[in-house]
Novice: 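Please read through the structure below; I'll follow up with questions.
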Amino acid sequence: MRPSPARLLNILVPVKRAVDYAVKIRVNPQQTGIDANVKHSMNPFDEIAVEEAVRLRERLKGAVTSITALSIGPPKSLDTLRTALAMGADRAVHVALPDGAPAPEPLAVARTLRAVIARHNDAAAAPADRIDLVVLGKQAIDDDLGVTGQMLAGLLGWGQATCASRLEVDVAAGEALVTREIDGGAEELRCRLPLVVTTDLRLNEPRYASLPNIMKAKKKPVETLSPADLGVDYTPQLETLKVAEPPVRVGGGKVANVDELIAKLKEAGITAA
Amino acid sequence: MGRFHGRSTTVLKPKTTQEVSEILKWCNERCIGVVPQGGNTGLVGGSVPVDNEVILSLANLNKVRSFDPVSGILVADAGCILQMLTDYVAPHNHIMPIDLGAKGSCQIGGNVATNAGGLRLLRYGSLHGTVLGLEVVLPDGKILDQLTTLRKDNTGYDIKQLFIGAEGTLGVITGVSILTPPAPQASNNVILALPSFDNVLPLYQTVKRQLSEILSAFEFIDRTAYDLAVKHGQGRALSDEDVEGAECFVLVETSGGRREHDEEKLNDLLELLLTADKPLVNTGVMAQSPAQFSSLWALREGVTEAVSKEGKAYKYDISVPLSSFKEVVDNTREHLLSKGLLHDKAVKFVLGYGHVGDGNLHLNIVADSYLPEIEEALEPYIYEVVSSHRGSISAEHGIGAMKTHALPYSKSAISIELMKKIKEVFDPHGIMNPGKVLE
């Protein structure tokens, strides 16, 4: 059953704690994964999603009732949630996994989000309290899988607009206008709420967390849930066989003339068709 | 900077200390002037020939000689680029005790010869402390081997100290032994927006008290400098509401051994600052990721680049008491205004930024073009101001060719006489970097 068009907007922004993009990744000696004992921060695409939710509220004023940030992960994911709260989210949900647990896969993440939305919407006293917009990164920079948003839309039966570079929401009409960057141009989609939007890099430039907001963020509510609370199983469906560094790039060389070039090409086994 | 041009025809790029020795011996016998040149990133023309001297580039002396991961002592050729040394010691969890904007091209030998300061001085002290030994080729070709790796060595006059900051006027540094500190495991930074410059000093006291050993930088940028940095795309700007009503900004950096400990201290400090009855700061932002950390630093480090994009800069790098930073900047601006030189076609901006922790103010005057009247208005005006505060006319940039005439504003006649005698002892033929430091 589709919810009736909402007059007020509640936004859910899932955020992932990922190895910071400025960190040089090192494969562990066993080749089973990477050295995780490095600086982590919020997945940049998710940071853009939080920023967009906050900007929506700044534009739409009272029409955005709440922004909820959600993260699935070890206790340190709380830091990522605090950052989201400091940027302007109102409350946070932490689905706690033990330290060292394997990273949840997209389908399990999408199921988690569905379960959290269902919990929230089932408890909603009025239609206006329902979550009807999910904004999330188009991919996480650690696994680059890039399918969580699409899976979530499929599970919920909601519309989806991926790789958004512009987002406008008309709350009264229950509609959103999304610009997507595609090969050779831009595509505009008009979508009905509820909706899943995934963010691309050009959507916005996230703000710094200001000190007063960092202080306020400490007092904002964080609800901690366990996978069992949501009935989601995080057992990996994929098996990682081996993690290896890309082969070291071999430097090029200079040739003095065309003949030498041709000789080198032949040597490398490249011939004209 | 494009302000100094030589007429040299010859650049020599020796590969060994022995070759440097032979070159100097040859030049000394024939009284040929020699300009040692490192990364050529100096700001006072110290590495630029004043006439047709031979340029001695140290670029090919670029090997690390040894590194002891236990003591952290690094011995390297003078031509090693600072960034390369930083990368070299990084896997051993050490960092160079010196860091500056030009790290990608400046060389360690030049850093030592000019006693470069930079961004880590507050934490790790000057090169007079961190340099443990030097290998120097004297003008007559003798090799002075003081390349020791001893932390303590009280055996008579410490000759190597003379070469630190001599700007190549006494000999050519060919090797450096330097103490590298362990790399901090966690770094954080914040930019604070202050309603008035008067708050900088009380803020510095509070920050020092609260952060104590993890404080690693306390940098000051006035509003003009901030606006220029933002205008020229140096780092991501703060939001409009955060900068509203800010007269200046302070960047505070912490480096420590344990992230949780540092964050707790920093949070306590910020809470104290924000909840005070009379807050010293309007607001501020804290980096949430390494990317934001660099972006905040770029706002401070990028001022130099922004200034050169904006116009022609007159740069004064002075040490004055902290309390007079703003007064010096404001008085200079008014002085230029009174001379009718503050307009689009003359001086566009007068700005101040620098290392509060070290009492070092960078006073920059950005002009449309270099004009003699501007120079006349600035000098000796600024030097007199500095002198009246018993300050230094060159805190970290050195004297080079640019400021030789101004040396008396910071050094007494007796000091200068002694300096000349020392020069005579080391370099009787006057071949080393002629026209620099001493007139």
Side-chain angles (χ1 to χ4, degrees), chain A residues 15-26 35-48 50-51 54-55 58 69 71 75-89 99 137 140-142 201 204-219, chain B residues 87 90-91 93 183-194 230 233 235-244 246 249-252 259-260 262-264 266-276 279-299:
Chain A
V15 294
K16 183 174 187 180
R17 176 177 178 267
V19 171
D20 189 87
Y21 77 82
V23 168
K24 189 169 160 29
I25 303 291
R26 275 196 297 266
D35 174 12
N37 194 17
V38 291
K39 182 91 181 166
H40 285 60
S41 52
M42 192 190 298
N43 173 36
F45 291 102
D46 296 341
E47 207 182 351
I48 292 170
V50 177
E51 175 68 28
V54 176
R55 287 191 190 187
E58 284 167 357
S71 193
K76 280 185 175 157
S77 306
L78 263 180
D79 293 348
T80 308
L81 287 171
R82 290 286 170 209
T83 301
L85 293 172
M87 288 173 72
D99 265 323
I141 60 164
D142 48 5
L201 277 183
N204 62 48
E205 198 181 30
R207 68 195 62 195
Y208 295 115
S210 80
L211 300 182
N213 288 339
I214 290 172
M215 296 301 151
K216 277 185 216 153
K218 289 182 183 164
K219 301 193 176 79
Chain B
D87 295 343
N93 280 315
Q185 298 301 304
S187 305
N188 248 314
N189 65 3
V190 293
I191 281 192
L192 302 168
L194 281 66
V230 169
R236 179 145 54 84
L238 277 61
S239 73
D240 292 344
E241 66 188 81
D242 287 337
V243 299
E244 198 184 314
F249 300 86
V250 162
L251 186 151
V252 176
R259 191 173 63 93
E260 291 80 6
D262 295 4
E263 277 177 4
E264 206 176 315
L266 190 57
N267 280 324
D268 287 352
L269 166 72
L270 299 176
E271 201 148 341
L272 182 84
L273 288 175
L274 291 173
T275 53
L280 293 170
V281 303
N282 287 345
T283 178
V285 297
M286 175 152 74
Q288 302 289 311
S289 62
Q292 291 191 358
F293 178 85
S294 328
S295 190
L296 289 183
W297 259 119
L299 285 167

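Below, read A as the first sequence line, B as the second, and so on, with proteins coming before strands; counting in each chain starts at 1.
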Novice: Check the surroundings of atom CD in B:Glu241: do more than 12 heavy atoms from other residues, nucleotides or ligands lie under 6.0 Å from it?
Specialist: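 At most 12 heavy atoms, drawn from other residues, nucleotides or ligands, come within 6.0 Å of this atom.
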Novice: Taking A:Tyr208 for the side chain and B:Arg236 for the main chain, is one N or O donor matched with an acceptor at less than 3.5 Å?
Specialist: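 Answer holds: yes.
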Novice: What part of B:Leu270 gets closer than 4.5 Å to chain A, counting heavy atoms only: side chain, backbone, both or neither?
Specialist: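 For B:Leu270, heavy atoms of backbone and side chain both lie under 4.5 Å from chain A.
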Novice: Working to the nearest 0.5 angstrom, can you tell me the gap between A:Thr83 OG1 and B:Met286 CE?
Specialist: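 The distance works out to 8.5 Å.
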Novice: So do the side chains of B:Ser239 and A:Arg207 get within less than 4.5 Å of each other, counting heavy atoms only?
Specialist: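 A side-chain contact under 4.5 Å is absent here.
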Novice: Would you mind reporting whether A:Asp79 and B:Arg259 have side-chain heavy atoms less than 4.5 Å apart?
Specialist: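 In contact.
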Novice: Using non-hydrogen atoms only, which part of A:Lys76 is less than 4.5 Å away from chain B: side chain, backbone, both, or neither?
Specialist: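 It is the side chain, since no backbone atom gets that close.
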Novice: Most heavy-atom pairs under 4.5 angstrom with chain A, which of B:Gly284, B:Ser295, B:Ala287, B:Ala291?
Specialist: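 Looking at each option in turn, the highest pair count goes to B:Gly284.
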Novice: Picking from B:Asp242, B:Leu296, B:Val281, which has the most non-hydrogen pairs under 4.5 angstrom with chain A?
Specialist: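 The candidate making the most pairs under 4.5 Å is B:Leu296.
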Novice: Can you check whether A:Met215 reaches B:Thr275 side chain to side chain, under 4.5 Å on heavy atoms?
Specialist: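 When only atoms from C-beta onward are counted, B:Thr275 and A:Met215 do not touch, as no gap falls below 4.5 Å.
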Novice: Kindly compute the distance separating CG (B:Leu269) from CG (A:Leu211), expressed to the nearest 0.5 Å.
Specialist: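 Those atoms lie 9.0 Å apart.
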Novice: What part of B:Leu273 gets closer than 4.5 Å to chain A, counting heavy atoms only: side chain, backbone, both or neither?
Specialist: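 The answer is neither part of B:Leu273.
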Novice: Which atom names give the shortest non-hydrogen contact between A:Ser210 and B:Thr283, and what distance separates them?
Specialist: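 Closest pair (atom of A:Ser210, atom of B:Thr283, distance): CB-OG1, 4.2 Å.
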Novice: Which residue out of B:Ala186, B:Ser289, B:Ala193 racks up the most heavy-atom pairs below 4.5 Å with chain A?
Specialist: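 So the answer, after comparing B:Ala186, B:Ser289, B:Ala193, is B:Ser289.
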Novice: Can you tell me which of B:Val190, B:Asn267, B:Leu192, B:Ile191 forms the most heavy-atom pairs within a distance under 4.5 Å of chain A?
Specialist: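 The option with the most such pairs is B:Asn267.
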Novice: Could you tell me if the side chain of B:Gln288 sits less than 4.5 Å from the side chain of A:Ile214, heavy atoms only?
Specialist: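 Result yes, sub-4.5 Å side-chain heavy-atom pair found.
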Novice: Tell me, for A:Ala209 versus chain B, whether the close heavy atoms (under 4.5 Å) come from the side chain, the backbone, both or neither.
Specialist: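 It is both, since atoms from each part get that close.
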